[in-house]
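First up is the structure itself, then whatever we jot down about it.
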Amino acid sequence: MRKPIVAGNWKMNKTVAEAVALVTDIKRDLAECSGVDVVLCPPFTALSAVSETITGTQLDLGAQNMHWEASGAYTGEVAAGMLRELFCHYVILGHSERRAYFGESDEIVNKKVKAALAANLRPIVCVGEQLEDRDAGRTEAVVEQQVRGSLAGCSAREWADVVIAYEPVWAIGTGRTATPEQAQDVHAFIRSVVREMVDDSIAQSVRIQYGGSMKPANAKELIGQPDIDGGLIGGAALDARSFVEIVQAAL
Ligand code: 13P
């Protein structure tokens, strides 16, 4: 059985003080969550403080991006080793906002995935179609290309550390969630692509999160779908109560 994974992507929100306050509330309200992997992904500036605040809890730390090189003249960038030093265990890669605003191609995402895995960071690899893709019946073609491109060349051993997040772009921050059926269809399709890329055992074990306007009111039904293994939460992760309720929906 796949263990559900719920991750909060805080995006460019929360100062250090606000981040510590939020995590302190989450810690207090989430007494028991051993049945779910819970990952908090604050901005880089708050990683260290959040890391300290969650020490000794079941909560895990993730970053929202990284560079593929280990060090060097890459102004403004952060390397996998720097994240590991802060006890980061996950990193979100290829989020649609990075693809749209920062020009990240599947090739770039693939380099980052390889670098993350080599540094023992678990990549949460985001894929998802735009509204015009869906309307034109291209959802599967777009998602397949992203999965194949972003995860090309990973060994079966490396796949064990991979998490995929299906985030339809039209559902992100819009309040317009994919229906459980729409999401389930794409999740099952992604699993079939992984089966073709690697093998059935990896396809059965890889965790695929749903992201896009997930909130307490719709989390249970979405996560209850057979191929949906948790959520990547944006807006609702900025509020302790709603994030904790989503985690509880996955328990
Ligand atoms: P929202 O939950 O705000 O729609 O964002 C989803 C997302 O992009 C998580 O990575």
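All values below come from the heavy atoms of this structure, side chains included, with hydrogens, waters and symmetry mates left out. Remember, it's 1-based here, ligands and their atoms both numbered in the order they're listed.
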Is there a polar contact between ligand 1 and [X], counting only N or O atoms under 3.5 Å apart?
{"X": "Glu97", "result": "no"}
{"X": "Thr174", "result": "no"}
{"X": "Ala236", "result": "no"}
{"X": "Gly235", "result": "yes"}
{"X": "Gly212", "result": "no"}

I'd like to know if the side chain of [X] reaches the main chain of [Y], judged simply by a donor and an acceptor atom lying under 3.5 Å from each other, with no hydrogens or angles considered.
{"X": "Gln146", "Y": "Gly128", "value": "yes"}
{"X": "Glu129", "Y": "Arg138", "value": "no"}
{"X": "Asp227", "Y": "His187", "value": "no"}

Does some non-hydrogen atom of Lys11 fall short of 4.0 Å from ligand 1?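 Distance cut 4.0 Å: Lys11 passes for ligand 1.
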Salt bridge check, Glu245 against Arg241: does any charged N sit closer than 4.0 Å to a carboxylate O?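 Answer for the salt bridge query: yes.
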Got a salt bridge between Asp229 and Lys3, using NZ or NE/NH1/NH2 to carboxylate O under 4.0 Å?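 Salt bridge flag = no for Lys3 with Asp229.
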So do the side chains of Asn65 and Glu104 get within less than 4.5 Å of each other, counting heavy atoms only?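 In contact.
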Report yes if some heavy atom in the side chain of Met197 is under 4.5 Å from a heavy atom in the side chain of Val147; otherwise report no.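 With C-beta onward as the side chain, the pair touches.
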Counting non-hydrogen protein atoms only, what is the nearest one to atom 7 (C) of ligand 1? Give residue, atom name and distance.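 The closest heavy atom on the protein side is Glu167 OE2, 3.1 Å.
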Among all protein heavy atoms, pick the one closest to atom 2 (O) of ligand 1 and tell me residue, atom and distance.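 Nearest protein contact, heavy atoms only, for atom 2 (O) of ligand 1 is Gly234 N, 2.9 Å.
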Considering only heavy atoms of [X], which atoms of ligand 1 have at least one such atom less than 4.0 Å away?
{"X": "Asn9", "value": "9 (C), 10 (O)"}
{"X": "Gly173", "value": "1 (P), 3 (O), 4 (O)"}
{"X": "Ala171", "value": "4 (O)"}

Got more than 12 heavy atoms from elsewhere within 6.0 Å of CD, Glu85?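 No - once you tally the heavy atoms of other residues, nucleotides and ligands closer than 6.0 Å, there are 12 at most.
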